[in-house]
Amino acid sequence: MASPEERYNFRETEAKWQKTWASRDSFKVEEGSSKPKYYVLEMFPYPSGRLHMGHVRNYTLGDVVARYKKARGFNVMHPMGWDAFGLPAENAALERGVHPGKWTRQNIAIMREQFGPLGLSLDWSREITSCEPDYYKHEQKMFLDFLKAGLAYRKESWVNWDPVEHTVLANEQVIDGKGWRSGADVEQRKLNQWNLKITHYAEDLLKSIEGLDRWPDKVRLMQHNWIGRSEGARVTWPLVNADGKDRGEMLEVFTTRPDTLFGASFCAISAQHPLAATLAENNPALADFIADCGKSGTSTAAIETAEKKGFDTGLRARHPFDPAKTVPVYVANFVLMAYGSGAIFGCPGHDERDMEFARKYHLPVRCVVAPVGEDPEAFAAKLESGTIAFTDDGVAINSDFLNGLKVDAAKRAAVEKLESLGLGKGTVQYRLRDWGVSRQRYWGCPIPIIHCESCGAVPVPDKDLPVTLPEDVTFDKPGNPLERHPTWKHVSCPACAKPAVRETDTFDTFFESSWYFARFCSPHVADRPFNEVEAMKWLPVDQYIGGVEHAVLHLLYSRFFTRAMSDCGYLNLKEPFAGMFTQGMVCHETYRAADGAWLEPGAVTKHGETATYNGQPVTVGRSEKMSKSKKNTVDPQHILDTFGADAARLFVLSDSPPDRDLEWTDAGIEGAWRYLNRLWRLASAAEDIPGDAMPAVLDPSVEPVRRQIHRTIAAVGEDLEKFRFNSAVARIRELTNTLADMKRDVIGGNAIYRFGLETVAQLINPLTPHISEEIWQALGNGAILTETAWPSFDPALLEDDTVTIAVQVNGKLRGTITVAKTADKAALETAALALQPVQKQLEGKAPKKVIIVPGKIVNIVAG
RNA sequence: GCGGGUAUGGCGGAAUUGGUAGACGCGCCUGACUCAAAAUCAGGUUCCUCUGGAGUGGGGGUUCGAGUCCCUCUACCCGCACCA
């Protein structure tokens, strides 16, 4: 080993151990092992070609778990792959003329290289790449099975259409009603889209959240709200023409407040409701109104400020409980087609939106619920003349047979009545909608369908799978290149052999990530997506780790897929992820020049609180998530080159708890680097110490060190189990400090020092695997630390024989006493009262009361 | 608007079931070594009117005792967003 003066050579050491692990296949799953399994998975990355700090944090967290569980005797599976379909590849093609496939595969090669130096305990033999036919062919088959099982269907649905890019945009790609790339006004278009019936499992997906006890509460709540279950009723209103004659049609509305039906003063339908379209055919003003609604639609900010607008159709709806009464039917911009039946009844007295609408269009406001304990007439008078709806619980009034019932009872009674009249039915409505998976893109998995004029949408026969993407495509024009490919889409119908065309849409890229965790269990089987026995052996994932940005969509889609795959016979499982952890973002200060331009951290010179750039003052902004657009990124490559993987890993694990945001600082990474060097020096000093046998009796100065070592083993184990990596680092550093300060030239000194350093190496191994291997080896251990069992502790050595107890007077600390752990209450009281400051506080008077909690505290209540 | 979360030194953050607030680290200060610097080592570092007092976003409460429990207010962050 090197002399103490020499700094730790991370370059040599890290490369050496990475090579050693690779040559020994240290991280390959042990086939046929009798050990219990443990599946650790981090969300697989999109191969952007650039490793960023978010990756470093994500994969380091997973690696700590994987290495720790391995040491704890588990047969660990820790695989890696590439979420390789997606829009950036097409953007690269547009901007630089590179083929998306070539670009993606190059990026994968680059990123695989970048992952190497991090020293991750990955089983690369299981690597999967989602853009390759050997992966996506299975999801084509799966989709056809879903179709057979009624879990996939084709439907016309409204989408955000960018007329310049010729493509559908996701809601988040529409900014202020304009396409994020083109800046063109986004249109609402009706397109034929393939959908997956996630709503089929709405109830089960909701109920099962309860059982996901190793998921963050936050994520469970978000999924709960996203599914959005509400109980209510569907109510049918017979429609009446303007001339008063029955139209012979029914309008179905959904409501959660059937108890307020007697307060109805209008009905409203969505601009996209079929009835609206019918009526607009010979009503140009209505047609214009509907067109207007389509424009302002989607952007979130626009919705917030949008004014409620309605168009009176002239039709009227007959009240289900009172055939003599009719209310006007409006087309309204605030009614959503995608929720319920796309139509509502308005009760302004007890719904804020309805109130706003009623006041604008001078519709009557009728109070039908009054709070308990208030005078109904006075309350009604106030409500009916005001602008604030009453939405809380109360008692029904002005409501015929419902009068006197509280809201819940009135709801039940109203539903019962509706059902007996045949004009409604109690139902459960979910906010969750089916998942539209069609994308007008090239770089995605082709949807295996052929459209035939006589046979309709025909599944591609199994023998013709996979439908592979053609490589010879051009990106010189906007739109989907598959659409204009000269030959690819022209095929003959599998059913009738007439000329037909392929579906040119591809799957949403969330499709690939919805089942990859299962593919990892048997990544090389060719005839099926995965081997069921292997999948059932490894799933569910024991610990899944990723960003909170996927708290809803990806995790919900995966839960759906697992159920759908089970129903189609692929496996027998509901929940794919038993444990979930969402990590925080990696942040950095932001810098702007006088002209407002963002500046890179490297370009800025800091002077304490202030900073300059080329001598000009710089505005130091708050810390934000590292992003290219704000230029506040730090290149992991540079950090790895300068300080090595262990220092980078240690830093991202120190200080901040992993679920919180991490502030990247130069000082922080330097601190981690300093610690590793210090540890290295301490270990170098131990190298010359003979491996003394542990004496039976230790010097009194050394005995507490032994106990601290045992305590640290216990504490770090618990910290790692509970994702308190920052706390584990603190415990290990504490022990390191003790070892650096301890006396070694006493009985047992050398033995304990060695024991301490070996323990530190073992405990820190999951966090900084390279330096710990090196220290372990230097201390004369033959075996590879990565393949060595976690240290155990002696419970008898966790506590000292004496304990220091706080002594308070009136709840304020006045001193401490150190006593034997076995000391009784009387002894504690005597010792406490003997303290000088305590006597001073008491001023000679006897204490009024003394509270004694042995092992914890003595509190003296003075008179 | 609805739902959820957070608030502790100059900074990141620790604190079992209510029981010595500020572990560990960063930064800073002093000293040693050095021609000097870096690195390293030793010591210090919540604040103040300092034999004492105050202190965990503000105010109130429960308790012998509150960062921790209850009420209330404020600020910030996240999710959803006309879901009837």
Side-chain angles (χ1 to χ4, degrees), chain A residues 4-5 7 216-226 228-230 232 253-257 260 268 300-301 303-308 332-336 338-347 350-354 356-357 391 429-433 548-549 551-552 608-609 622-623 650-651 654-657 660-672 674-675 677-678 681 718 724 726-737 740-741 804-817 837 840 847-853 855-862:
Chain A
E5 285 74 29
R7 300 189 87 186
D217 288 342
K218 180 184 168 177
V219 174
R220 299 201 300 175
L221 185 72
M222 279 165 75
Q223 293 220 349
H224 188 273
N225 293 340
W226 187 265
R229 181 183 198 276
S230 39
V253 307
F254 174 74
T255 179
T256 56
R257 296 295 303 273
T260 64
T300 51
I303 288 169
E304 190 176 356
T305 49
E307 201 186 343
K308 296 204 178 8
N333 65 345
F334 66 93
V335 180
L336 303 174
Y339 187 77
S341 58
I344 60 155
F345 82 84
C347 174
H350 307 284
D351 183 286
E352 282 164 31
R353 294 156 303 183
D354 297 346
E356 192 186 330
F357 192 79
T391 55
Q429 184 68 44
Y430 299 91
R431 181 186 168 281
L432 180 70
R433 289 166 204 177
V548 73
E549 66 271 23
V552 177
E609 295 290 292
R622 62 173 210 168
S623 184
L650 185 61
F651 174 60
S654 307
D655 295 354
S656 293
R660 274 198 231 173
D661 288 351
L662 171 75
E663 170 75 7
W664 185 273
T665 59
D666 292 343
I669 180 73
E670 282 160 17
R674 263 202 306 274
Y675 172 74
N677 278 287
R678 179 152 176 259
R681 280 193 306 274
E718 213 185 312
R724 295 187 303 224
N726 55 324
S727 171
V729 172
R731 295 289 89 76
I732 294 170
R733 292 184 90 133
E734 260 175 341
L735 179 56
T736 309
N737 291 344
D741 294 343
T804 301
I805 286 179
V807 178
Q808 300 178 337
V809 177
N810 294 334
K812 281 185 185 143
L813 186 71
R814 295 297 168 187
T816 57
I817 49 176
K840 199 175 158 194
K848 201 166 154 192
K849 194 176 170 188
V850 181
I851 287 129
I852 299 164
V853 184
K856 296 256 159 134
I857 204 157
V858 177
N859 189 14
I860 296 156
V861 185

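Here is the naming used below: chain letters follow the sequence lines, and residue numbers restart at 1 for every chain. All values below were derived from every heavy atom in this structure, side-chain atoms included, with hydrogens, water molecules and symmetry-related copies excluded.
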- Message: Using O4'-C1'-N9-C4 for purines and O4'-C1'-N1-C2 for pyrimidines, with syn meaning within 90° of 0, is B/G4 syn or anti?
- Response: anti

- If you write RNA chain B from 5' to 3' in dot-bracket form, with Watson-Crick or G-U pairs under 3.5 Å, [ ] for crossing pairs and | for pairs with another strand, what do you get? (((((((..(((......[....)))((((((.......))))))(((...)))..(((((..]....))))))))))))....

Just to be sure I understand the rule, does [X] reach a base, reach only the sugar-phosphate, or reach nothing, if contact means heavy atoms closer than 4.0 Å?
{"X": "A/Lys308", "answer": "base"}
{"X": "A/Val552", "answer": "nothing"}
{"X": "A/Thr804", "answer": "base"}
{"X": "A/Arg433", "answer": "base"}
{"X": "A/Ile851", "answer": "base"}

- Do A/Asn859 side-chain atoms and A/Val853 backbone N/O form a donor-acceptor pair below 3.5 Å?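 No, because the side chain of A/Asn859 does not come within donor-acceptor range (under 3.5 Å) of the backbone of A/Val853.
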
If you compare all heavy atoms of [X] against all heavy atoms of [Y], which two are closest, and at what distance to 0.1 Å?
{"X": "A/Arg431", "Y": "A/Tyr339", "answer": "CA-CE1, 3.8 Å"}
{"X": "A/Ile805", "Y": "A/Ile857", "answer": "CG2-CA, 3.7 Å"}
{"X": "A/Cys347", "Y": "A/Asp354", "answer": "N-OD2, 2.9 Å"}

If the [atom1] atom of [N] is compared with that of [M], how far apart are they to the nearest Å?
{"N": "B/C11", "M": "B/C35", "atom1": "C1'", "value": "36 Å"}
{"N": "B/A84", "M": "B/U17", "atom1": "C1'", "value": "46 Å"}
{"N": "B/G13", "M": "B/A81", "atom1": "P", "value": "29 Å"}
{"N": "B/G57", "M": "B/G53", "atom1": "P", "value": "23 Å"}
{"N": "B/U45", "M": "B/C24", "atom1": "C1'", "value": "15 Å"}

Short side-chain N/O contact to [N] OP1/OP2 from [X], under 4.0 Å:
{"X": "A/Lys812", "N": "B/A54", "answer": "yes"}
{"X": "A/Arg674", "N": "B/C24", "answer": "no"}
{"X": "A/Arg733", "N": "B/A23", "answer": "no"}
{"X": "A/Tyr675", "N": "B/G25", "answer": "no"}
{"X": "A/Arg678", "N": "B/C41", "answer": "yes"}
{"X": "A/Lys840", "N": "B/G52", "answer": "yes"}

- Query: Given that A/Leu432 and A/Met222 both sit by RNA chain B, which one's nearest nucleotide is further toward the 5' end?
  - Reply: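 Between the two, 5'-proximity favours A/Met222.
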
- Find which nucleotide of RNA chain B each of A/Ala740 and A/Asn737 is nearest to by heavy atoms, and output the residue with the more 5' nucleotide.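 Looking at RNA chain B, the more 5' nearest nucleotide goes with A/Asn737.
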
- Nucleotide of B/A84, B/G53, B/U17 approaching A/Lys856 most closely (side-chain heavy atoms): B/U17

Table of protein N/O atoms under 3.5 Å from nucleotides 11-14 of chain B N/O atoms:
| from | atom 1 | to | atom 2 | distance (Å) |
| --- | --- | --- | --- | --- |
| B/G12 | O2' | A/Ser656 | OG | 3.1 |
| B/G12 | N2 | A/Asp655 | OD1 | 3.0 |

- Taking C-beta and beyond as the side chain, do A/Asp351 and A/Arg257 meet within less than 4.5 Å on heavy atoms? no

- More than 12 non-hydrogen atoms from neighbouring residues, nucleotides or ligands closer than 6.0 Å to CD on A/Glu663, yes or no? yes

- Do A/Lys308's NZ or CZ and the ring of A/Phe357 fall within the cation-pi criteria of under 6.0 Å and 45°? no

- Message: For the CZ atom of A/Arg733 and the CG atom of A/Leu650, what is their distance to the nearest 0.5 Å?
- Response: 6.5 Å

- Message: Return the CG to NZ distance between A/Asn810 and A/Lys849, rounded to the nearest 0.5 Å.
- Response: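 NZ of A/Lys849 is found 12.0 Å from CG of A/Asn810.
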
- Output, in order, the C-alpha distance, side-chain angles, deciding distance and verdict of side-chain hydrogen bond (donor to acceptor under 3.5 Å, both in side chains) for A/Tyr675 and A/Ser654. CA-CA 12 Å; A/Tyr675 172 74; A/Ser654 307; over 6 Å; no

